[in-house]
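First up is the structure itself, then whatever we jot down about it.
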Protein chains: 2
Amino acid sequence: MDDIDRELVALLQQDATQAYAALGKAVGLSAGAAHERVRKLRERGIIRRTTVDVDPAALGQGVLAFVMVESSAWMGESGAAFATIPEIQEAHIIAGSASVLVKVRTATTVQLQDVLRRLYAIDGVSGTQATVSLETFFERPVSPLVN
Amino acid sequence: MDDIDRELVALLQQDATQAYAALGKAVGLSAGAAHERVRKLRERGIIRRTTVDVDPAALGQGVLAFVMVESSAWMGESGAAFATIPEIQEAHIIAGSASVLVKVRTATTVQLQDVLRRLYAIDGVSGTQATVSLETFFERPVSPLVN
DNA sequence: GCTGAAAGAGACGGCTC
DNA sequence: GAGCCGTCTCTTTCAGC
């Protein structure tokens with residue numbers, strides 16, 4: 001994992017459809033060498049997968065909310081329970097008063113309410129506190145070049 | 001945007017490297033027809049870009065935190081200011097006591113502290129409240145199939 | 001939306017440093 | 001171990017239908 005690898009990752013984050021020849025040129029390598037490095041990055045799990053970035057609004061999911069989930073018990077093994085709710089995009093155990101923070105996308109606030117209802121159905125959940133996003137400034141990939 | 005389009009988006013989210021022939025087969029279309037639909041999805045901006053999903057820990061960014069940023073003024077035009085901090089992965093205007101919620105990734109908590117310092121340097125920022133994630137259950141793409 | 005042919009990209013081997 | 005350069009295969013792309 002050297003600087004060239006980091007550059008390759010950054011380039012692929014911007015556009016994963018570009019040819020290895022172009023990638024190689026950008027980092028000063030041949031197409032084959034660039035290909036080899038990217039293959040190893042995938043193999044090592046640094047690049048988890050190649051995916052597409054989708055506009056949530058276009059899928060009719062214009063409402064974004066962050067929900068603090070309070071619990072009366074240790075939630076460390078409850079990941080699967082949260083995963084069964086498809087509207088939940090992320091779930092994290094957090095340090096602080098609430099115990100789990102989830103990121104939720106729905107079409108309407110009525111559907112958001114329904115997600116909250118399903119959250120309460122999870123064992124140990126004792127409360128929720130939803131914060132609705134009014135506008136998203138940006139959402140971007142992790143920057144590999146901060147170091 | 002019909003059911004086939006939604007299926008195509010879901011398939012591409014799982015693996016954007018697969019061939020159009022395979023995509024077409026999965027949804028009952030020829031390779032050419034599948035390609036045409038995906039092209040239009042990109043053209044319409046429903047698919048924003050093709051990117052790679054990177055393991056943040058592998059990039060040495062093992063610390064994840066959500067920071068509520070309180071402000072003494074309207075922050076509606078401050079998106080660019082937040083964008084200049086590369087450790088900030090997302091920034092949203094929220095309804096609630098704080099006015100902006102940001103998602104931050106750093107290598108260490110010391111660097112997280114430095115991000116907070118840079119947040120305070122933004123015009124109008126009057127306070128921050130950071131919540132550190134202890135464990136991430138999951139982070140996944142928006143589900144196109146919830147409707 | 002399908003089919004067929006041309007152009008291009010990716011995968012794999014051997015080879016060198 | 002990393003990079004380079006062949007070749008072969010598969011995919012993409014664009015035409016006409």
Side-chain angles (χ1 to χ4, degrees), chain A residues 1-61 140-147, chain B residues 1-62 107 140-147:
Chain A
M1 192 70 207
D2 59 4
D3 283 343
I4 294 183
D5 284 334
R6 268 184 282 274
E7 263 189 82
L8 286 171
V9 168
L11 289 165
L12 286 173
Q13 281 178 333
Q14 286 162 37
D15 178 11
T17 66
Q18 60 193 304
Y20 288 114
L23 281 176
K25 191 170 182 182
V27 300
L29 286 174
S30 74
H35 183 268
E36 178 69 6
R37 277 179 178 262
V38 174
R39 193 188 62 73
K40 284 180 184 164
L41 286 168
R42 289 186 204 276
E43 197 177 81
R44 277 182 263 159
I46 296 176
I47 293 179
R48 288 177 181 147
R49 61 175 166 182
T50 303
T51 184
V52 290
D53 180 23
V54 176
D55 180 9
L59 293 176
Q61 311 216 37
R140 61 187 178 193
V142 210
S143 171
L145 304 173
V146 289
N147 303 325
Chain B
M1 191 72 206
D2 59 5
D3 284 343
I4 294 183
D5 284 334
R6 269 184 282 273
E7 263 188 82
L8 287 171
V9 169
L11 289 166
L12 287 172
Q13 281 180 332
Q14 287 162 36
D15 178 11
T17 67
Q18 61 192 305
Y20 287 116
L23 281 176
K25 191 172 182 181
V27 301
L29 254 55
S30 73
H35 182 265
E36 179 70 6
R37 277 179 179 262
V38 174
R39 195 189 60 74
K40 283 180 185 164
L41 286 168
R42 290 185 204 275
E43 197 177 81
R44 278 183 264 159
I46 296 176
I47 294 177
R48 289 176 180 147
R49 61 176 167 180
T50 304
T51 184
V52 290
D53 180 22
V54 177
D55 180 9
L59 293 176
Q61 312 215 34
R140 61 188 178 194
V142 212
S143 170
L145 303 174
V146 288
N147 302 324

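None of these values were measured; they are calculated from a predicted model. Throughout, protein chains are lettered first and strands after them, A, B, ... in sequence-line order, and every chain is numbered starting at 1. The basis for the numbers below is simple: all heavy atoms, side chains too, and nothing from hydrogens, waters or symmetry mates.
For the ring-ring contact (aromatic ring centres under 6.0 Å, His included) condition, the pairs that include at least one residue of residues 8-31 of chain A, sequence neighbours left out, are A:Tyr20-A:His35.
Near DNA chain D, meaning a heavy atom under 4.0 Å from it, residues 31-48 of chain A has A:Ala33, A:Arg37, A:Lys40 in order of number. Residues from residues 19-30 of chain A that place a heavy atom under 4.0 Å from any atom of DNA chain C, listed by number: A:Ala19, A:Tyr20.
No donor-acceptor distance shorter than 3.5 angstrom exists from the side chain of A:Gln61 to the backbone of B:Pro144, with no hydrogens or angles considered.
For the pair A:Val52/B:Thr51, no side-chain contact is recorded, criterion being any heavy-atom separation below 4.5 Å from C-beta on. Residues B:Val9 and B:Val38 have side chains not in contact (no heavy-atom distance under 4.5 Å, counting atoms from C-beta outward). Between B:Ser30 and B:Glu36 there is no side-chain heavy-atom pair separated by less than 4.5 Å. For the pair A:Gln13 and B:Val54, the minimum side-chain heavy-atom distance is below 4.5 Å.
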Output a table of nitrogen or oxygen pairs between the protein and nucleotides 6-8 of chain D separated by less than 3.5 Å.
none

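Checked for salt-bridge contact, A:Asp2 and A:Arg37 meet the test: a charged N lies under 4.0 Å from a carboxylate O.
Counting only Watson-Crick and G-U wobble pairs whose two distances sit under 3.5 Å, DNA chain D takes part in these stems of three or more pairs: C:1-9 with D:9-17, C:11-17 with D:1-7.
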Under 3.5 Å donor-acceptor pairs involving side-chain atoms of residues 40-48 of chain A, not counting sequence neighbours:
unit_1: A:Arg42; atom_1: NH1; unit_2: A:Thr50; atom_2: OG1; d: 2.8
unit_1: A:Glu43; atom_1: OE2; unit_2: A:Arg39; atom_2: NH1; d: 2.9
unit_1: A:Arg48; atom_1: NH2; unit_2: B:Asp55; atom_2: OD1; d: 3.2

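In this structure, B:Asp5 places its CG atom 9 Å from P of C:dG1, rounding to the nearest Å. B:Ile4 places its CD1 atom 7 Å from the P atom of C:dG1, with the value rounded to the nearest Å.
Put simply, CG on A:Leu23 and CG on A:Asp15 are 8.5 Å apart, with the number rounded to the nearest 0.5 Å. Taking CG of A:Leu145 as the start and CG of B:Leu59 as the end, the distance is 9.0 Å to the nearest 0.5 Å.
Between B:Arg49 and A:Pro141, the closest heavy-atom pair is NH2-CD, 3.2 Å.
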